[in-house]
Amino acid sequence: MSSEGKKLFNIIILGVSFMFIFTAFQSCGNIAQTVITNLNNTDFHGSGYTSMSIIYGVLSASNLISPSLVAIVGPQFSMVISGVFYSLYIAVFIQPATWAFYTASVLIGIAAAVLWTAQGNCLTENSDENTIGRNSGIFWALLQCSLIFGNLYIYLAWQGKTHISESDRRTVFIALTVISLVGTVLFFLIRKQEDTKAPGDDDSTNEILGESSSARNKMTRAVAAFKKSITLSFTKEMLLLSVTTAYTGLVLTFFSGVYGTCIGAVNRFGSEEKSLIGLSGIFIGVGEILGGGIFGLLSKKNRSGRNPVVMLGIFVHFIAFYLIFFNMPNDAPIAPMEGTDQVAYMIPSKEVAMLCSFLLGLGDSCFNTQLLSILGFLYSEDSAPAFAIFKFVQSICAAVAYFYSNYFLLQWQLLIMVLVGFFGTITFFTVEWGAAAALAARGSDYSSI
């Protein structure tokens, strides 16, 4: 197999592995709060929102050290270890205990930081400036297939149910744990790339994250990775992209945890309210995959750069927020176990709710594929620290959003996303114009990015 073929193979395996792991984890996140409110065990006092807030809070802090950990352990083994912790978190729901639930939340936060830092490094090592857009799209499309498979199972298993029994819960989470473990094992199929860097390339990714039998060299690279993360954090481009990244963190919280809870709390949806959570996840996944395919796989035919894609993303999201505001009761995110009988500005419509799910997924894929692409382009030689900063900002904003989701009515959550999304789009445009100018100065074709 050619070198280019091996790289494409690695990208596909990377995407498929993440697809399995996040089929389990994202399905778990979508139904966690609903499952917890249906627990009859009075000894359990956990909150799905609080757990997710802990996860993303720990994840954000752990991103400060994750490049160093990946440098010591190596990207492939880092992803394997992280996958095991993802599986352990999901397994906690088989027989929930409050202490185990929150302990696992802390552990998976650390694991997530390492996993995504290693993923960014692997993606960049197997790409160049001509293939980063395509590879980002392939990875994103495969990753978001997870939203379809897991939620399809939930939709079929919970169809017509208004209460989740202990047997239903155990069956779902045993299956999700096994799926996560399958994805973890697949990481072993990723093939290592040969070092093609020049010997004098001091700032190369391989110098920071390359394989070495010397523990001393590994520690040197670990310290270098940490220093590089701090340095990159204060560059103009990274500070501007942090606003865009912050928006993706808020949206991640909304579509992966809050919106499904809103749908499950609307009593006017009748006996379908619980199964509609799974159907909503499917439509989010369809939007994510469609966006990843169009804006990633077909990126070579896009001669206008990344800005039009991001503009489409914010436009689609604003439409979704407007429709959700009219369709969903204002107290849906914080409704009690009995649900809510309130009505917003229209009778709650299942069709409109599913359309909004699709739009949320499509808009999210617009932002994330372009962020992955521009980070891989700007920081091709510092990929691990750059992606660690990306996940740091995204996860800390997701943690904040999960925290206020316990208290804020729907209208305020939507307003926050509108404001941050508007400014995040402007800052992305600014960085992209700078990237286009840099390419023009080098005499490269702008459409190649």
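Model, not experiment: these values are computed from the prediction.
Annotation: side chain of Ile289 is in contact with side chain of Cys145 (closest heavy-atom distance under 4.5 Å). Contact annotation: the side chain of Leu143 never approaches that of Met19 to less than 4.5 Å [non-hydrogen atoms, C-beta and beyond]. Put simply, the side chain of Met79 reaches to within 4.5 Å of the side chain of Leu14, judged on heavy atoms. In this structure the side chain of Val400 never reaches within 4.5 angstrom of the side chain of Phe403, judged on heavy atoms. A 4.5 Å side-chain heavy-atom check between Phe22 and Phe25 finds at least one atom pair inside the cut-off. You'll find the side chain of Phe18 stays beyond 4.5 Å of the side chain of Leu142, heavy atoms only. The shortest distance between side-chain heavy atoms of Leu410 and Phe325 does not fall below 4.5 Å. Looking at heavy atoms from C-beta onward, Leu378 lies in side-chain contact with Leu241 at the 4.5 angstrom threshold.
Considering all non-hydrogen atoms of both residues, Leu59 and Ser395 come closest at CD2-OG, 3.1 Å. Shortest non-hydrogen contact noted between Ser105 and Ile55 is O-CG1, 3.4 Å. Closest approach of Ala246 to Cys397, counting heavy atoms only: CB-SG, 3.3 Å. Closest of all the heavy-atom pairs between Asn307 and Phe428 is OD1-CD2, 3.6 Å. Considering all non-hydrogen atoms of both residues, Val243 and Phe423 come closest at CG1-C, 3.9 Å. The shortest non-hydrogen separation linking Asn327 to Pro348 is OD1-CA, 3.3 Å.
Taking Ser180 as the reference, Ser87 meet the side-chain hydrogen bond (donor to acceptor under 3.5 Å, both in side chains) condition, with sequence neighbours excluded. With sequence neighbours excluded, no residue satisfies ring-ring contact (aromatic ring centres under 6.0 Å, His included) with Tyr102. With sequence neighbours excluded, the residues satisfying side-chain hydrogen bond (donor to acceptor under 3.5 Å, both in side chains) with Ser127 are Asn135. Under the rule for a ring-ring contact (aromatic ring centres under 6.0 Å, His included), the partners of Phe254 that lie at least two apart in sequence or sit in another chain are Tyr259. Scanning for side-chain hydrogen bond (donor to acceptor under 3.5 Å, both in side chains) contacts around Gln119 gives an empty result, with sequence neighbours left out.
Note that CZ of Phe283 is 10.0 Å distant from CD1 of Ile148, once rounded to the nearest 0.5 Å. Distance check: Ser62 OG to Ile108 CD1 gives 12.0 Å after rounding to the nearest 0.5 Å. Annotation: the span from Gln394 atom CD to Thr248 atom OG1 amounts to 3.5 Å, rounded to 0.5 Å. We find the NE2-CG distance between His317 and Leu312 to be 10.0 Å, quoted to the nearest 0.5 Å. Distance check, rounded to the nearest 0.5 Å: CD1 of Ile81 to CD1 of Ile110 gives 12.5 Å. The distance from atom CG of Asn126 to atom CD1 of Ile190, rounded to the nearest 0.5 Å, is 8.0 Å.
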Might you work through the side chain to side chain contact (heavy atoms under 4.5 Å, CB included) test for Phe408 and Ile416, ending with a clear yes or no? CA-CA 11 Å; Phe408 283 12; Ile416 291 171; 3.9 Å; yes
Using the rule given for side chain to side chain contact (heavy atoms under 4.5 Å, CB included), can you reason through Met238 versus Val431, listing the C-alpha separation, both sets of side-chain angles and the distance that settles it, and then say yes or no? CA-CA 9 Å; Met238 190 61 77; Val431 176; over 6 Å; no
Under the side chain to side chain contact (heavy atoms under 4.5 Å, CB included) rule, what do Val418 and Phe422 come out as? Steps first, then yes or no, please. CA-CA 6 Å; Val418 167; Phe422 174 76; 5.6 Å; no
Pair Val92, Phe173 - check side chain to side chain contact (heavy atoms under 4.5 Å, CB included), show working. CA-CA 9 Å; Val92 167; Phe173 284 102; over 6 Å; no
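Between the side chain of Ser66 and the backbone N or O of Val114 there is no donor-acceptor pair closer than 3.5 Å. A distance-only check finds no donor-acceptor pair linking the side chain of Ser373 to the backbone of Thr369 [under 3.5 Å]. Looking only at distances, a side-chain donor or acceptor of Gln76 sits under 3.5 Å from a matching main-chain atom of Phe187. With hydrogens and angles disregarded, a donor-acceptor distance shorter than 3.5 Å links the side chain of Glu432 to the backbone of Arg306. A donor-acceptor pair under 3.5 Å is absent between the side-chain atoms of Ser146 and the main chain of Phe20, judged by distance alone.
The aromatic rings of Tyr247 and Phe321 stand perpendicular to each other, their planes meeting at an angle above 60°, with 30° marking the opposite boundary.
For Tyr404 and Thr253, the side-chain atoms include no donor-acceptor pair closer than 3.5 Å.
Checked against a 6.0 Å centroid threshold, the rings of Phe326 and Tyr322 count as neighbours. In summary, the aromatic rings of Trp116 and Phe392 are positioned with their centroids too far apart to meet the 6.0 Å limit.
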Name the atoms and distances for all side-chain donor-acceptor pairs under 3.5 Å in residues 350-366, with sequence neighbours left out.
| unit_1 | atom_1 | unit_2 | atom_2 | d |
| --- | --- | --- | --- | --- |
| Lys350 | NZ | Glu272 | OE1 | 2.5 |
| Glu351 | OE1 | Ser349 | OG | 3.2 |
| Ser357 | OG | Ser280 | OG | 2.7 |
| Ser357 | OG | Ala353 | O | 3.1 |
| Asp364 | OD1 | Asn368 | ND2 | 2.9 |
| Asp364 | OD2 | Asn368 | ND2 | 3.3 |
| Ser365 | OG | Leu362 | O | 2.7 |

